[in-house]
Enquirer: 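One structure, pasted below without further comment.
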Amino acid sequence: MPELPEVEVTRRQLQPLLVGRTITRVWTGRSSTFFLTPPLRLARRLAGRRVLALDRVGKYLLALLDDGARLLMHLGMTGQIGDAPLDVHTHLRLRFDDGGPEVRFHDVRKFGKVQILEPGRSSPRVDRLGPDALGVRGDRLFTGTRGRRAAIKTVLLDQAVLAGIGNIYADEALFLAGVRPSRRAARVGAVECRRLAAALRRVLRQGIRAGGSTIDDYRRPDGSPGQYQEDHRVYGRAGEPCPRCRTRIRRVVIGQRSSHYCPRCQS
DNA sequence: CAAATCCCCTGCAGGC
DNA sequence: TGCCTGCAGGGGATTT
């Protein structure tokens with residue numbers, strides 16, 4: 001479930017483990033779904049490279065290398081990078097010239113991805129992304145939802161409109177903004193868009209501060225779980241009382257995704 | 001063009 | 001106890 005906050009927490013903790021260090025040895029697994037760049041080529045491209053920076057865009061991490069290439073990484077559903085477990089689900093291991101701790105990419109479900117982006121080149125995966133959700137403003141949400149007949153929840157999950165929102169933070173922001181997830185996106189007005197944008201920024205920042213949400217798989221680079229799940233107001237709380245009005249939280253499926261909302265507070 | 005559907009992958013919960 | 005089914009979900013590809 002890594003969404004923007006989980007990826008950002010990963011970026012911050014991973015930064016000192018990658019940036020400034022030179023990769024000496026690379027070990028890879030063989031999963032063809034995980035490696036967008038074939039494992040042997042990826043290993044050859046990484047060996048000897050120094051990492052200059054670690055950036056995030058939406059749910060993607062981008063490690064800038066000293067030859068101008070970039071390593072694109074996505075955590076998928078169950079990815080963990082850093083001091084991750086070493087077992088059959090470990091797909092990538094990086095060792096460094098300083099003899100310090102190795103960095104591992106572990107991913108049980110293999111929805112995660114790694115890919116080398118050669119110097120000056122990008123990827124449709126990145127190019128397609130809308131603006132990063134952490135700085136979203138109401139007007140962006142407003143223009144991004146015009147002409148969209150789909151549910152507002154579905155549009156929030158569209159990475160081309162906003163990059164970084166996933167199922168949890170969409171539900172949480174919609175609750176804070178008082179907007180029902182099933183509402184048609186185009187019917188959400190400018191005022192509500194502004195309120196929704198503020199709610200998104202708020203839940204994303206709160207999520208980062210709490211170290212992300214750990215439902216079952218997510219772990220920070222050091223292996224510790226996040227804490228934001230404790231603060232979830234509606235996500236995963238179907239049947240529990242709304243924290244604002246005590247009405248039972250409802251769970252419905254919207255766009256193949258479970259959605260949670262308060263039928264009284266959200267319209 | 002938008003939206004709906006399918007698929008990838010694995011562990012786990014629930015039913016019998 | 002063990003087997004089977006269904007579900008979770010990010011996101012790309014395909015179909016409607």
Side-chain angles (χ1 to χ4, degrees), chain A residues 1-11 29-37 39 56-62 72-81 84-85 87-92 105-115 117 122-130 132-133 143-174 181-188 204 207 212-219 225-226 228-229 232 234-239 251-260:
Chain A
M1 262 147 263
E3 306 178 25
L4 189 153
E6 290 74 30
V7 179
E8 177 62 18
V9 168
T10 294
R11 187 191 71 79
R30 294 193 222 115
S31 166
S32 58
T33 52
F34 181 83
F35 290 98
L36 297 179
T37 298
R56 179 191 61 75
V57 49
K59 301 175 191 172
Y60 287 93
L61 289 171
L62 285 161
L72 181 71
M73 296 172 279
H74 195 291
L75 296 174
M77 284 294 299
T78 55
Q80 183 193 345
I81 310 175
D87 58 30
V88 291
H89 303 303
T90 307
H91 304 297
L92 181 64
F105 197 148
H106 183 268
D107 182 12
V108 172
R109 292 188 203 172
K110 298 181 195 167
F111 281 11
K113 302 272 180 278
V114 290
Q115 180 178 24
L117 303 182
S122 188
S123 153
R125 290 171 186 273
V126 174
D127 295 340
R128 244 201 304 275
L129 296 177
D132 195 79
T143 55
T145 50
R146 290 315 91 181
R148 296 290 296 258
R149 306 180 58 194
I152 181 66
K153 162 88 179 272
T154 301
V155 177
L156 289 181
L157 295 180
D158 184 346
Q159 303 298 299
V161 174
L162 267 190
I165 304 297
N167 209 32
I168 296 173
Y169 295 89
D171 279 5
E172 292 297 311
L174 285 163
S182 55
R183 181 109 68 85
R184 284 196 181 203
R187 306 289 268 271
V188 179
L204 294 174
S213 302
T214 295
I215 302 297
D216 38 37
D217 293 290
Y218 172 71
R219 289 291 181 283
Y228 192 61
Q229 66 282 0
H232 291 172
V234 289
Y235 184 85
R237 299 202 183 280
R251 178 187 176 279
V252 295
V253 174
I254 298 171
Q256 332 283 77
R257 297 259 131 73
S258 66
S259 305
H260 314 74

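A note on names: the letters A, B, ... follow the listed sequences, proteins ahead of strands, and every chain is numbered from 1.
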Enquirer: Could you tell me how far apart A:Gln256 (CD) and B:dC6 (C1') are, to the nearest whole angstrom?
Expert: 9 Å

Enquirer: What verdict does the side chain to side chain contact (heavy atoms under 4.5 Å, CB included) test give for A:Leu174 and A:Arg183, after you've listed the backbone C-alpha separation in whole Å, the side-chain angles of each residue and the deciding distance to 0.1 Å?
Expert: CA-CA 10 Å; A:Leu174 285 163; A:Arg183 181 109 68 85; over 6 Å; no

Enquirer: What is the distance from NE2 of A:His91 to P of B:dC9, rounded to the nearest Å?
Expert: 11 Å

Enquirer: Taking only the side-chain nitrogens and oxygens of A:Arg148, find out if one of them lies under 4.0 Å from OP1 or OP2 of B:dA2.
Expert: no

Enquirer: To the nearest 10°, give me the bend of the helix from B:dA2-C:dT16 to B:dC16-C:dG2, comparing the axes of its five terminal pairs at either end.
Expert: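 Result, rounded to 10 degrees: 50°.
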
Enquirer: Considering every strand and a 4.0 Å limit on heavy-atom distances, what is the contact class for A:Tyr235: base, sugar-phosphate, or nothing?
Expert: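 Touches sugar-phosphate only.
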
Enquirer: If we count only N and O atoms by modelled type, under 3.5 Å, do the side chains of A:His260 and A:Asp171 hold a donor and an acceptor together?
Expert: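 Note: A:His260 and A:Asp171 side chains meet the donor-acceptor criterion.
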
Enquirer: So for atom CZ, which belongs to A:Arg146, do other residues, nucleotides or ligands contribute more than 12 heavy atoms lying within a distance under 6.0 Å?
Expert: yes

Enquirer: Here's a test of your reading of the structure: between A:Arg257 and A:Thr154, which maps to the more 5' nucleotide of DNA chain B?
Expert: A:Thr154

Enquirer: Give one of base, sugar-phosphate or nothing for A:Ser258, where a contact means two heavy atoms less than 4.0 Å apart.
Expert: sugar-phosphate

Enquirer: Are A:Asp87 and A:His106 linked by a side-chain donor-acceptor pair shorter than 3.5 Å?
Expert: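 There is such a pair between these side chains.
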
Enquirer: Ring centroid separation for A:Tyr235 and A:Tyr169, is it under 6.0 angstrom?
Expert: no

Enquirer: So among A:Leu36, A:Leu62, A:Thr37, which one has a side chain to side chain contact (heavy atoms under 4.5 Å, CB included) with A:Leu117?
Expert: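 Single side chain to side chain contact (heavy atoms under 4.5 Å, CB included) partner of A:Leu117 among A:Leu36, A:Leu62, A:Thr37: A:Leu62.
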
Enquirer: On DNA chain C, which is the earliest and which the latest nucleotide, 5' to 3', with an atom closer than 4.0 Å to a heavy atom of chain A?
Expert: C:dA8 to C:dG12

Enquirer: Kindly indicate, with the supporting measurements, whether the criterion side chain to side chain donor-acceptor pair (under 3.5 Å) is fulfilled by A:Thr33 and A:Lys110.
Expert: CA-CA 7 Å; A:Thr33 52; A:Lys110 298 181 195 167; 5.8 Å; no

Enquirer: Test of understanding: with side chain to side chain donor-acceptor pair (under 3.5 Å), list the residues that count as partners of A:Arg237, not counting sequence neighbours.
Expert: A:Glu240

Enquirer: Whole angstroms only, please: what is the CE-P distance between A:Met77 and B:dT10?
Expert: 14 Å

Enquirer: With a 4.5 Å heavy-atom cut-off, do A:Met73 and A:Phe105 have their side chains touching?
Expert: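 Yes, their side chains come closer than 4.5 Å.
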
Enquirer: Base, sugar-phosphate alone, or nothing: which one does A:Tyr60 contact when heavy atoms must sit under 4.0 Å apart?
Expert: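 Counting heavy atoms under 4.0 Å across all strands, the contact made by A:Tyr60 is with sugar-phosphate only.
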
Enquirer: Mapping A:Arg251 and A:Lys59 to their closest nucleotides on DNA chain C, which lands nearer the 5' end?
Expert: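 Nearer the 5' end of the strand: A:Arg251.
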
